[in-house]
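Note: hydrogens, waters and symmetry copies are ignored here, and every other heavy atom, side chains too, is used. All chains are named by letter (A, B, ...) in the order of the sequence lines, taking the proteins before the strands, and each is independently numbered beginning at 1.
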Amino acid sequence: MLAQFVPDGTAPSPIQYLAADGALAEGVTPSMSDDEVRAGLRLMMLTRAFDTKAMSLQRQGRFGTFSQVTGQEASIVGSASALDPRIDWVVPQYRELPALLRQGLPLSSFMLYFMGNLAGSRIPDNVNILPIQISLAAQIPQAVGLAWGLQLQQTGGVVIVYFGDGASSEGDFHEACNLAGVLKAPVVFMLSNNGWAISTPRHKQSAATSLAARAPGYGFPGVVVDGNDLLAVHAVTSEAVARARAGEGPTLIESVTYRMGPHNTADDPTRYVVASELDAWKPLDPIARVQRHLTARGLWSDDQCQVVEAELSAEIEEALVVARAAPPPSASQLFDHVYADAPATMLRQRAARLGVTA
Amino acid sequence: MLAQFVPDGTAPSPIQYLAADGALAEGVTPSMSDDEVRAGLRLMMLTRAFDTKAMSLQRQGRFGTFSQVTGQEASIVGSASALDPRIDWVVPQYRELPALLRQGLPLSSFMLYFMGNLAGSRIPDNVNILPIQISLAAQIPQAVGLAWGLQLQQTGGVVIVYFGDGASSEGDFHEACNLAGVLKAPVVFMLSNNGWAISTPRHKQSAATSLAARAPGYGFPGVVVDGNDLLAVHAVTSEAVARARAGEGPTLIESVTYRMGPHNTADDPTRYVVASELDAWKPLDPIARVQRHLTARGLWSDDQCQVVEAELSAEIEEALVVARAAPPPSASQLFDHVYADAPATMLRQRAARLGVTA
Amino acid sequence: MTATTNHADTPAFTETMTMIEAIRDALTLEMARDERVVVLGEDVGVLGGVFRATDGLQQRFGERRVIDTPLAEGVIIGAAVGLAVSGLIPVPELQFLGFGHQAFHQIGQQVARFRFRSQGRHPMPITIRSPFGGGVRTPELHSDAFEAMYTNTPGLKVVTPADAYDAKGMLLAAIRDPDPVLFLEPLRGYRLVSGEVPTGDYMVPLGRSNVVREGDDVTLIAYSAAVQMCMKAAGVLSSEHGVSAHVLDLRSLVPLDVEGLVAAVERTGRVVIVHEAPLTSGFGAELAATIQREAFYSLQVPIERVTAPDTPYPLGGTEDFYVPQISDVVRGVLTAMER
Amino acid sequence: MTATTNHADTPAFTETMTMIEAIRDALTLEMARDERVVVLGEDVGVLGGVFRATDGLQQRFGERRVIDTPLAEGVIIGAAVGLAVSGLIPVPELQFLGFGHQAFHQIGQQVARFRFRSQGRHPMPITIRSPFGGGVRTPELHSDAFEAMYTNTPGLKVVTPADAYDAKGMLLAAIRDPDPVLFLEPLRGYRLVSGEVPTGDYMVPLGRSNVVREGDDVTLIAYSAAVQMCMKAAGVLSSEHGVSAHVLDLRSLVPLDVEGLVAAVERTGRVVIVHEAPLTSGFGAELAATIQREAFYSLQVPIERVTAPDTPYPLGGTEDFYVPQISDVVRGVLTAMER
Ligand SMILES: Cc1ncc(C[n+]2csc(CCOP(=O)(O)OP(=O)(O)O)c2C)c(N)n1
Ligand SMILES: Cc1ncc(C[n+]2csc(CCOP(=O)(O)OP(=O)(O)O)c2C)c(N)n1
Ligand SMILES: [Mg+2]
Ligand SMILES: [Mg+2]
């Protein structure tokens, strides 16, 4: 064939540090300290516990449509843990709760958002995150612009932007990667390949054997990592963050993981998920894997697990109390943050809505 | 580095059949017959002659903004000549006149378009082309849809879609390539890398050393070809067309060429083109190269050249006569092809415009 | 329920259907009738669409005619252009109208203009289906009513049914229309609104409005989900305020039934326009502008517009303050009556 | 010409400038004053923009503040969002408004809503500059007047100057505005329209219309290039028809100066709105709807809209049949006068 660029027949094997049984691969040195691993595990467990809670709140009608993280905790926590929340930024899609928490977002704020209260949209000052993005891939150009701005102002900060395998088919992905390559912007593209975009399986999303194979087309490296492996994700992301911080430009990380539940609370995956595929992923659970790893090294036990679970459940309840104590939504909230100074036309509309005179 | 996909430091050398001096590379077998080469040369020369004519018409105010092909003739002619105009389709950007002519578009029709006459927008039935596309990259998804439609209807047809290095930065490029890969659509992506997007040089357009490197990210092959080499472009495109026709899916061809003139008649390239770069490309002229090749083989001479040039100039003048004989633009043309049946509101507007009663 | 599917091609038989069922019925019927029709979009195949509008189509008509595309609205619409050029009749789905923005360049500048740009060579018999509008607490950007900007796009037809009967009949008319149609489906009506629908083939012509309630004091003009709201408001107005409301369902925004509009206005001389989209440059603006021009001397009072305010669509908790409610319509009418 | 660049910061001095020079002057001044301002877009750097609006900026302020981006409007605007979050003040250019469709999702749903979506945390002090409108025989899609759809986008301001003085003063106000502004530049005015412009710093506040001609018989309402056309039409009306026209330059579509609009309407009771965009759902619709609501009892005759027809923008040869001409404005006024 007359062609210099021929696609690989199969995807390269993802970088792995921890085997499914928790054993550390030979010859690798983890980039996380034991304390960091324990902190990561705690955050993963919090997320998992919150998923269950959110699901039940949604069923009771007290929570809006919500997408669980279940199965993808290592991917999000391992990558976000490679950041310095004081100077680095997280630009999320919508399935990255633990990354937001690690950056400093109060859980109660996240809850308020999903309770449909605009107060939950208020990102506290000094929490370096962008709002949850519902318009798929729209956050990727924004992340590149943010990274570029940090670069121009020489803050030393790095941006990590999350998006799904589905979102990676949008034009915004391409435009953003290409610009980032040209600018050598300090950004890490974190592609969470969880096998699905609602009902669309990964193989119908793209004929590329590996989505990370796109990176050279933008002039920067692409990595495929085992997304259910906290240590591998952290190592790969840390390296990408270090490169970005050093001015060496972006990296595309394809984190291969699996969405273990429905797309969101409105979805019925039994219509399309093949049970055998789901079953094959069950033993690869990212939380159990870290627990096995730590247990084998004497750093974790069932007792500890129960203590932590109790703590987390209390934490969630506390956050829920805070969220519920927030003032209820009001009509005036509609108008408060549309413009810095509401123009006369808007003041009139506001007055009419509130039943008062402008 | 923890990365399975690392960008090449330099671009691969483009596939070349004819050296700049017209000599055929060793061991290659051209995919064009001598007659085809002569026909291709003639079309290239026609295009070049038309460029000059169009420029002067534009200066006289009789032609609108127009983009010359000069320098890129081999790239367009070599690729379009690999098609069967009866079943295959050309989807152009705006700088592909000879491809349209080869598909059967009358030159007079093209002229009318650039004279601003809507009659020039009428694509004759059975000429398998889409309209010139001004919205960059918008034609690429359309080409994929067309190829898909041909595939579904098993016509055996193939689509070639042209676009520039600039256009390849648009999201539409990505979305289209990705869909085509999934569908194995019979489409050839012809990326005319002519070094510039107006004033933006190729190296500011993308950090990829080669734009063809993007193909594996969509699951199909990418080729870099010497775009000033008629034979190489034809060979590479023929292979891509054959693969597409055989159901083996798309190919991305990066044709490396150079825009030898201004972006269009409104542009002043002296503001940004480095003279030395332009000078370096001059000896690589695609027309002279074929002429040298044929001359060396006794198939071309200065005399023949003069004869052909005279014929072509007559052809252009004839087309101009036809174009000028077309009815002048009229207000009613505005309304004729907006809807199949103009709704009442439009009939009223039409009547008002024409000063008659609806 | 008066018929079974055995009599599916006898229009005289009807069945009670929700809007979503009526839409699915139209798609099924037309795909069976015309093998050039293909359905494409995100999750339209195996899943049958996130609202099940395309449920069962892929099983029945195969993976070649009902295609789950990659997640990219631009190429869904752009590919539809090419499919149309090849001779097929594409019915792409935008999962929510909010994501039509990603395909805006393909819709506004390509689909809508292709017939014109090729001066008749390449017609675009494309029907873009999309749910829109709010009231059901969806996530951000899933509820916006962006219809007005598509009506500022010559070459495109923009229609939206308010009940199950129209949903089926208008969708059949849209797919068979030689021109591109943006077919907007009122999300909150999908399962809530139901009615008697012929099981066979019929069309509701595009471009004709429909008087859904006769009245003498005030004319309510609406489309899509707002029609049901106006009907309920009309009930309240009649029982609580002694006001008799005439309600016009536009059904089609482009082309606009100016005659029907003027007739409805002339009936009462007082007009209240209702839509979910923000006020400024919402489609109510065009309606008011047209009415004041064509029925100036019939107007007794200024035309009122009852709409969302000029703010972004908010999160669910604030939604009811944003989307016009029955009480807002009643208030708008009372304003028009008091003048 | 009353001043040299030596006196650049003394507002009392003026210079005759074309609109494009006035725009360039504003950009230069603001980049010098506030180092957070960055300019990005296609060909804005070395070339200085296809119309030379940014000519000289890169030489003066360097490649880090004046950036030639890859050719992709979505990421030009999307990146501006991120730049703004980082604390900078981005002034992206869309080479032509027709290509704003490619960035529509970033403009309408992101730029315009980011303050709201973050409830005040991330303001968007972005000014998107773009030429628009026709009359100069550009290629397809370079001339469309797509302003109306952007006015149906809460959170965004949409303004457009009609002369050189306003071009500079409004652009300075736009860049300094804490909210996103779509700053539309009348392409055909770039070199044709010129006037006295202060060489120093001044702002023309956004949201205030301007009476550019006083008259008593009819009120012409326009913005951007249509203002000059209305002025010429007013001349013809006065000299040939004895009609005295009052001409209002809106300057800002969002926020709309409702007071100024109503005052202008009340002056004469007869209104003709002029814009280049197609009729249906053009911004004239919102104007007519607002006027009939706010000045109903002053209107003596229906409001006329003089606009392009509801067809795609045609090729150059047909352009003058499409874009409203002075004669069309005169005819519109005479219609309003005769009733
Ligand atoms: C632009 C856009 N198109 C469509 C949707 C509807 N939608 C919401 S989530 C989703 C699938 C996303 O898949 P992926 O990016 O892989 O993320 P995941 O949900 O798997 O984490 C779709 C189609 C949307 N939100 N935005
Ligand atoms: C979507 C879009 N953005 C911007 C433009 C303005 N524009 C016209 S040609 C051009 C450069 C195109 O470069 P390239 O794709 O490399 O094609 P070339 O002109 O070099 O053949 C630009 C920016 C456009 N026509 N369409
Ligand atoms: Mg996914
Ligand atoms: Mg180019």
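Taking each heavy atom of D:Pro154 and C:Pro312 in turn, the nearest pair found is CB-N, 3.8 Å. Considering all non-hydrogen atoms of both residues, C:Arg113 and D:Leu141 come closest at NH1-CD2, 3.3 Å. Considering every non-hydrogen atom in both D:Thr280 and C:Phe283, the closest pair reads CG2-CE1, 4.5 Å. Considering every non-hydrogen atom in both C:Phe116 and D:Tyr313, the closest pair reads CE2-O, 4.1 Å.
For a residue to count as touching a neighbouring chain, one of its non-hydrogen atoms must lie under 4.5 Å from one of that chain's; by this rule C:Glu140 touches chain D with the side chain only. Residue D:Leu253: no heavy atom, backbone or side chain, is found under 4.5 Å from chain C. Of the two parts of C:Gln300, only the backbone, made up of N, CA, C and O, holds a non-hydrogen atom closer than 4.5 Å to a non-hydrogen atom of chain D. When heavy atoms are compared at a cutoff of 4.5 Å, D:Thr290 approaches chain C by way of both its backbone and its side chain.
Here side chain to side chain donor-acceptor pair (under 3.5 Å) pairs that include residues 252-263 of chain C, with residues two or more places apart or in two chains, are C:Ser209-C:Asp257.
When the candidates C:Thr311, C:Leu256, C:Val254, C:Val301 are compared by the number of heavy-atom contacts under 4.5 Å with chain D, C:Val301 comes out ahead. Residue with the most contacts toward chain C among D:Ile303, D:Asp310, D:Leu315: D:Ile303 (heavy-atom pairs, distance under 4.5 Å). Among D:Gly284, D:Ala289, D:Ala288, D:Ser281, the residue with the largest count of heavy-atom pairs under 4.5 Å with chain C is D:Ser281.
Among the residues in residues 144-152 of chain C, those with a non-hydrogen atom closer than 4.5 angstrom to a non-hydrogen atom of chain D are C:Asp144, C:Phe146, C:Ala148, C:Met149, C:Thr151, C:Asn152.
Between the NE2 atom in C:His105 and the NE2 atom in D:His105 there is a gap of 8.5 Å [rounded to 0.5 Å].
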Which donor-acceptor pairs under 3.5 Å do the side chains of residues 94-102 of chain C make with protein atoms, sequence neighbours left out?
residue: C:Gln95; atom: NE2; partner: C:Glu42; partner atom: O; Å: 3.2
residue: C:Gln95; atom: NE2; partner: C:Asp43; partner atom: OD2; Å: 2.9
residue: C:Gln102; atom: NE2; partner: A:Ser135; partner atom: OG; Å: 2.9

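Scanning for side chain to side chain contact (heavy atoms under 4.5 Å, CB included) contacts around C:Ala84 gives C:Pro90, C:Met124, C:Pro125, C:Ile126, with sequence neighbours left out.
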